[in-house]
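A quick note: this is a predicted structure, and the numbers were derived from the prediction, not measured. Along the sequence shown, the residues carry numbers beginning at 1.
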Amino acid sequence: MVRQPLTPEQIEAGRRLGALLRHARAGRDLAQVAHAAGISPETLRKIETGRLPSPGFGTIVRLAEALNVPVQELATTWRGSDLPLEAAS
């Protein structure tokens, strides 16, 4: 299966998500947060820097739990402030 290249909008969505996660981590050790979420520190680093702009749903749920951030807040940030869910697809 060939994965389609990400659109500029998807890349920007990943950057917004990464910025929110960095802010939510607020000085907590990256490796500790990654461990709590069950992912590798490198994966978290890639998400936070926007190099992995569309992580899997399970990863997002585990990060939300580890950082005590509502999943809905992560979804809203990924979509952009006022965009409906359909526009993000």
Side-chain angles (χ1 to χ4, degrees):
M1 179 165 102
V2 176
R3 183 173 177 162
Q4 295 295 319
L6 296 172
T7 65
E9 293 81 15
Q10 290 170 316
I11 292 169
E12 182 56 34
R15 289 183 181 134
R16 287 191 304 269
L17 178 63
L20 175 63
L21 292 172
R22 275 192 314 277
H23 179 75
R25 191 163 55 82
R28 289 174 57 191
D29 182 67
L30 183 136
Q32 289 176 343
V33 171
H35 178 73
I39 62 175
S40 73
E42 183 59 24
T43 296
L44 180 53
R45 188 173 294 107
K46 286 179 180 178
I47 295 169
E48 285 189 353
T49 60
R51 291 185 308 155
L52 182 58
S54 58
F57 180 71
T59 299
I60 293 301
V61 169
R62 290 189 309 269
L63 282 169
E65 290 171 347
L67 294 168
N68 198 28
V69 175
V71 172
Q72 183 61 44
E73 184 176 344
L74 297 178
T76 299
T77 298
W78 187 87
R79 279 196 310 266
S81 58
D82 297 322
L83 295 176
L85 183 58
E86 298 80 34
S89 301

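No more than 12 heavy atoms of other residues, nucleotides or ligands shown are found within 6.0 angstrom of CG on Asn68.
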Check against side chain to side chain contact (heavy atoms under 4.5 Å, CB included), Leu21 and Val69: CA-CA 9 Å; Leu21 292 172; Val69 175; over 6 Å; no

Verdict with reasoning, Thr59 to Leu52, per side chain to side chain contact (heavy atoms under 4.5 Å, CB included): CA-CA 12 Å; Thr59 299; Leu52 182 58; over 6 Å; no

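Remark: Leu17 CG to Thr76 OG1 distance equals 11.5 Å, nearest 0.5 Å. Atoms CD1 and CG, from Ile11 and Leu6 in turn, are 5.5 Å apart once rounded to the nearest 0.5 Å.
Judged by distance alone, the side chain of Glu73 and the main-chain N or O of Pro70 form no donor-acceptor pair under 3.5 Å. With hydrogens and angles disregarded, a donor-acceptor distance shorter than 3.5 Å links the side chain of Arg16 to the backbone of Thr77.
Glu9 meets the salt bridge (charged side-chain N to carboxylate O under 4.0 Å, His left out) test with no other residue; sequence neighbours excluded. Contacts of Arg62 classified as salt bridge (charged side-chain N to carboxylate O under 4.0 Å, His left out), with partners at least two apart in sequence or in another chain: none.
Between Gln32 and His35, every side-chain heavy-atom pair lies at or beyond the 4.5 Å cut-off. Between Pro55 and Leu63 there is no side-chain heavy-atom pair separated by less than 4.5 Å.
In terms of heavy atoms, Trp78 sits closest to Pro53 at NE1-O, 3.3 Å. Across all non-hydrogen atoms, the minimal contact from Gln10 to Pro5 is OE1-O, 4.3 Å.
Transitive grouping of hydrophobic side chains (ILVMFWY, heavy atoms separated by less than 4.5 Å) brings Leu30 and Ile60 into a common cluster.
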